[in-house]
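Values below: all heavy atoms of this structure, side chains included; hydrogens, waters and symmetry mates excluded. Below, read A as the first sequence line, B as the second, and so on, with proteins coming before strands; counting in each chain starts at 1.
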Amino acid sequence: MSEERSLNFIEEIIENDLNSGKYKTLVTRFPPEPNGYLHIGHAKAICLNFGLTQKYGGYTNLRFDDTNPVTEKTEYVNSQQEDIKWLGFQWKNELYTSDYFDTLYDFAVKLIEKDLAYVDHSTADEIAAMKGTPTEPGKNNSYRSRSIQENLDLFMRMKNGEFADGVCTLRAKIDMAHTNMLMRDPIIYRIKHAHHHRTGDKWCIYPMYDFAHGQSDSIEEITHSICTLEYVSHRELYDWFIEKLEIFPSHQYEFARLNLNYTVMSKRKLLQLVNQGVVSGWDDPRMPTISGLRRRGYTPESIREFCDRIGIAKRDNLIELSLLEFCVREHLNKTANRVMAVLDPIKMVISNYPEGQSETLYGENNPEAEDKGGSREIPFSKTLWIEREDFMEVPAKKWFRLAPGAMVRLKHAYIVKCEDFVKDVEGNVTEIHCSYIPESKSGEDVSGINVKGTIHWVSAAHAKTAEIRMYDRLFSVESPDAEEGDFKDYLNPGSMEVIKNAYIEPYLASADLSSRYQFIRKGYYCLDKDSTAQHLIFNRTVGLKDAWAKGNK
RNA sequence: UGUCCGAUAGUAUAAGGGUAGUACAACGGUUUUUGGUACCGUUUGUCUUGGUUCGAAUCCAGGUCGGACAACCA
């Protein structure tokens with residue numbers, strides 16, 4: 001506990017409230033609407049809400065904000081729960097706003113009885129016309145002066161299904177000239193003869209967000225209701241309902257939502273990508289969804305670390321993707337076993353190694369791990385696959401890989417010297433001939449030779465094949481929604497490149513969906529769920545930093 | 001044109017009247033059987049104009065810029 005971390009503004013508020021005795025226990029909630037999959041922006045909110053109660057004690061509820069039956073589905077409820085658990089958090093209570101529909105109805109009646117709500121038979125267009133604009137006040141309509149009795153009767157008939165969708169609404173009676181447009185008699189109940197994923201056909205009227213969220217917070221005695229900046233202007237209404245209803249005073253605090261460059265974050269846009277087949281689904285590894293990141297190979301630890309590093313504040317932000325990548329590399333560097341895979345193969349023949357002979361070499365699995373992660377067997381033989389880019393016919397300056405006459409170390413094996421190479425009629429190099437130095441065997445090198453370069457390889461006779469899916473950012477511009485025209489005009493055409501036939505070392509045949517690997521010198525990879533024993537498929541989570549490639553762009 | 005929110009290196013985020021710090025990014029170097037990791041170093045910042053004060057990123061006032069708000073969505 002030696003490290004002093006500065007507090008974000010919400011932690012300061014909480015510490016003050018706890019120290020002053022305003023609250024004894026901290027209670028927060030994570031309130032997703034089950035109308036889509038959770039994304040990295042939600043992860044920020046999840047880490048915040050659950051993180052706060054982990055730090056200060058108390059608990060966090062999971063509450064599905066299911067007040068709009070036409071967009072919500074049980075499928076989403078399930079995926080959202082799975083994602084939160086996978087991120088490593090456990091909620092105290094699993095709750096639904098729909099659990100409170102009876103109470104919410106009573107709250108509405110109470111408002112009517114206080115002459116603070118009325119049934120309005122205006123059409124949607126009429127309501128909009130009377131609402132004014134941000135700079136002009138709205139106007140009262142004639143329904144506003146209906147009697148309490150009449151409103152009570154009408155609202156009951158709304159509930160009883162006597163009216164078709166859209167015929168009338170229940171509105172709070174506040175002030176049509178208020179500078180905050182949300183206070184201009186907001187609609188609090190609307191008629192929707194729709195089947196609800198939990199309450200079925202019990203209701204045909206559903207509360208609006210503003211008449212559900214704050215009250216739900218209050219019912220659960222949420223002490224700190226944390227949401228994003230777009231709800232700032234809702235806070236006035238939030239407080240108004242709590243005051244008029246005389247219920248537990250939850251308080252709302254707003255922070256800036258996460259924006260990530262080269263991605264879009266709105267559920268509406270992500271849904272479009274899914275529905276229009278731009279990606280393979282909500283869990284496409286290029287999606288910023290939790291399920292997409294999971295399939296891509298991101299770890300919960302790395303996402304939590306990311307959320308921790310981006311901080312919590314009130315100013316708009318655009319976080320660089322490179323920070324997310326840094327976080328996953330940092331975690332995987334410590335935990336992923338190293339293996340060898342050749343993605344763009346070229347044949348190497350070792351001229352002085354006996355035909356038909358092979359031997360078993362050993363490679364440590366992870367130089368960063370305490371016990372080096374143990375070791376594995378790696379077969380070696382006369383003919384190998386190496387990476388095409390590790391050979392240069394005419395070496396560049398400061399090149400210390402393979403070139404005519406040059407020597408390199410084969411990782412975990414011998415030092416080899418390039419003696420010759422073969423080209424096809426088109427001038428492509430098809431084969432590299434080397435000699436090896438028997439005394440240079442890894443771990444028992446008595447050759448006295450020092451080489452600058454080490455390359456990875458796979459024994460041709462022992463290699464397995466695999467499909468490799470190389471992912472990159474989904475968009476080619478930093479801020480797709482800020483560009484002219486449709487955001488889909490800015491998709492990165494190279495966001496997924498598939499290598500059909502890569503060679504991998506035999507050890508990888510035993511890979512399972514929970515394993516993450518570092519393909520030495522290439523990047524971090526994990527098995528994809530489409531993989532079968534006959535057809536292995538690996539996803540690239542993120543590449544390794546490459547100082548050589550960077551300097552030679 | 002109204003109300004509300006915000007403004008610190010390229011990107012984020014600290015400093016709560018007293019040396020502008022940290023991380024990522026970028027750049028350079030050391031180590032290295034991964035051109036990875038680790039380690040060291042360098043560059044880059046308080047939107048503006050006034051005021052209060054011995055002293056202002058911080059407090060006050062005006063301005064500028066950015067964002068939000070006119071769904072029977074959340």
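- For A/Arg409 and B/rU33, a side-chain-to-base donor-acceptor distance below 3.5 Å is present, hydrogens and geometry of angles not being considered.
- For A/Lys550, taking side-chain heavy atoms from C-beta onward, the closest of the listed nucleotides B/rG6, B/rG35, B/rC27 is B/rC27.
- Comparing B/rA12 with B/rC72, their C1' atoms sit 39 Å apart, to the nearest whole Å.
- A salt bridge does not link A/Glu364 to A/Arg376: none of the charged nitrogens lies less than 4.0 Å from a carboxylate oxygen.
- For the P atom pair drawn from B/rG21 and B/rG41, the interatomic distance equals 14 Å after rounding to whole Å.
- When each of A/Lys44 and A/Trp399 is assigned the nucleotide of RNA chain B bearing its nearest heavy atom, the one mapping closer to the 5' terminus is A/Lys44.
- Note: NE2 (A/His456) to P (B/rU33) measures 18 Å, nearest angstrom.
- Side-chain proximity of A/Asp546 to the nucleotides B/rA25, B/rG35, B/rU34 is greatest for B/rG35.
- Comment: A/Arg309 engages A/Glu330 in a salt bridge, judged by a side-chain N to carboxylate O separation of less than 4.0 angstrom.
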- Query: For every nucleotide of nucleotides 63-72 of chain B, 5' to 3': is a protein heavy atom under 4.0 Å from its base (B), only from its sugar-phosphate (S), or from neither (-)?
  - Reply: ----S-SB-B
What does the list of N/O pairs under 3.5 Å between the protein and nucleotides 19-23 of chain B look like, with a distance for each?
| unit_1 | atom_1 | unit_2 | atom_2 | d |
| --- | --- | --- | --- | --- |
| B/rA23 | O2' | A/Arg309 | NH1 | 2.5 |

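- Aromatic pair A/Phe101/A/His196: ring centres closer than 6.0 Å.
- Between the P atoms of B/rG51 and B/rU13, the separation comes to 32 Å (whole Å).
- When the C1' atom is compared between B/rA20 and B/rG28, the two are found 25 Å apart, to the nearest whole Å.
- Under the 3.5 Å distance criterion, the side-chain polar atoms of A/Ser216 are matched with a main-chain donor or acceptor of A/Ala212.
- At a threshold of 4.0 Å, the pair A/Glu162-A/Arg157 counts as salt-bridged, since one of the basic side-chain nitrogens sits closer than that to a carboxylate oxygen.
- In this structure, A/Arg315 reaches the B/rA7 phosphate: one of its side-chain N or O atoms is under 4.0 Å from OP1 or OP2.
- Looking at A/His39, its side chain does come within 3.5 Å of a backbone N or O of A/Met265 through a donor-acceptor pair.
- Donor-acceptor pairing under 3.5 Å, judged by distance alone, is present between the side chain of A/Gln518 and the base of B/rU34.
- Taking the charged nitrogens against the carboxylate oxygens, A/Asp99 and A/Arg63 have no contact shorter than 4.0 Å, which rules out a salt bridge.
- Using a 4.0 Å heavy-atom criterion, one finds that A/His234 contacts the bases of the nucleic acid, with or without backbone contacts as well.
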- Nucleotide-level pairing of RNA chain B, given in dot-bracket where Watson-Crick and G-U pairs need both distances under 3.5 Å and | marks other strands: .((((((..((((....[..)))).(((((.......)))))....(((((..]....))))))))))).....
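- The base of B/rG36 is not paired with the side chain of A/Arg329 by any donor and acceptor separated by under 3.5 Å.
- Separating the P atom of B/rC54 from that of B/rU42 is a span of 37 Å, rounded to the nearest Å.
- As rounded to whole Å, 7 Å separates atom P of B/rA74 from atom CG of A/Asp65.
- Residue A/Ile310 is in sugar-phosphate contact alone, with no base atom involved, counting any heavy-atom pair closer than 4.0 Å across all strands shown.
- Nearest-nucleotide mapping onto RNA chain B: of A/Pro32 and A/Lys398, the residue sitting toward the 5' end is A/Lys398.
- For the pair A/Lys372 NZ and B/rU33 C1', the computed distance is 12 Å after rounding to whole Å.
- Taking 3.5 Å as the limit, the base of B/rG10 and the side chain of A/Glu320 contain a donor-acceptor pair of atoms between them.
- With C1' as the reference atom, B/rC60 and B/rU52 are 7 Å apart, rounded to whole Å.
- Using a 4.0 Å cut-off between charged nitrogen and carboxylate oxygen, A/Arg144 and A/Asp120 do not count as a salt-bridge pair.
- Taking atom P in both B/rG67 and B/rC73, the straight-line distance is 27 Å, to the nearest Å.
- Of the candidates B/rG35, B/rA74, B/rG6, the closest approach to any side-chain atom of A/Thr67 belongs to B/rA74.
- A/Gly138 comes within contact range of no nucleotide atom at all, as no heavy-atom separation falls under 4.0 Å.
- With respect to A/Glu254 and A/Arg235, a salt bridge is recorded, a charged nitrogen being found less than 4.0 Å from a carboxylate O.
- If you measure from atom CG of A/Leu318 to atom P of B/rU13, you get 11 Å, rounded to the nearest angstrom.
- Taking every side-chain heavy atom of A/Lys314 into account, B/rC5 is the closest of B/rG35, B/rC5, B/rC73.
- Rounded to the nearest Å, the gap between the P atom of B/rU49 and that of B/rC65 is 15 Å.
- In this entry the distance linking CD of A/Glu389 with C1' of B/rG35 reads 11 Å, nearest Å.
- Between the NZ atom of A/Lys334 and the C1' atom of B/rA38 there is a distance of 12 Å, given to the nearest Å.
- A salt bridge is defined here as a Lys NZ or Arg NE, NH1 or NH2 lying under 4.0 Å from an Asp or Glu carboxylate O, and A/Glu389 with A/Lys522 meets this definition.
- Considering only the side chain of A/Glu368, B/rU37 comes nearest among B/rU13, B/rU37, B/rU33.
- In summary, A/Arg401 and A/Glu387 do not engage in a salt bridge, as defined by a charged side-chain N under 4.0 Å from a carboxylate O.
- For the pair A/His193 (side chain) and A/Phe163 (backbone), a donor-acceptor distance under 3.5 Å is present.
- Using a 4.0 Å heavy-atom criterion, one finds that A/Pro137 contacts no nucleic acid atom at all.
- A/Ile415 comes within contact range of no nucleotide atom at all, as no heavy-atom separation falls under 4.0 Å.
- In the model, A/Arg338 has no side-chain atom that pairs as donor or acceptor with a side-chain atom of A/Asn365 under 3.5 Å.
- Between A/Phe107 and A/Phe211, the distance from one ring center to the other does not fall under 6.0 angstrom.
- Atom CH2 of A/Trp240 is separated from atom P of B/rC4 by 20 Å (rounded to the nearest Å).
- When every heavy atom of A/Ile312 is checked against every heavy atom of A/Phe9, the shortest pair comes out as CG2-CE2, 3.9 Å.
- Judged by atom type and distance alone, A/Ser442 reaches the base of B/rU33 through a side-chain donor-acceptor pair under 3.5 Å.
- A/Arg184 comes within 4.0 angstrom of no nucleic acid atom, judged by non-hydrogen atoms across all strands.
- In this structure, A/Ile312 atom CD1 and B/rU13 atom P are separated by 9 Å, rounded to whole Å.
- Of the candidate nucleotides B/rA14, B/rA74, B/rG35, B/rA14 has the atom nearest to the side chain of A/Ser6.
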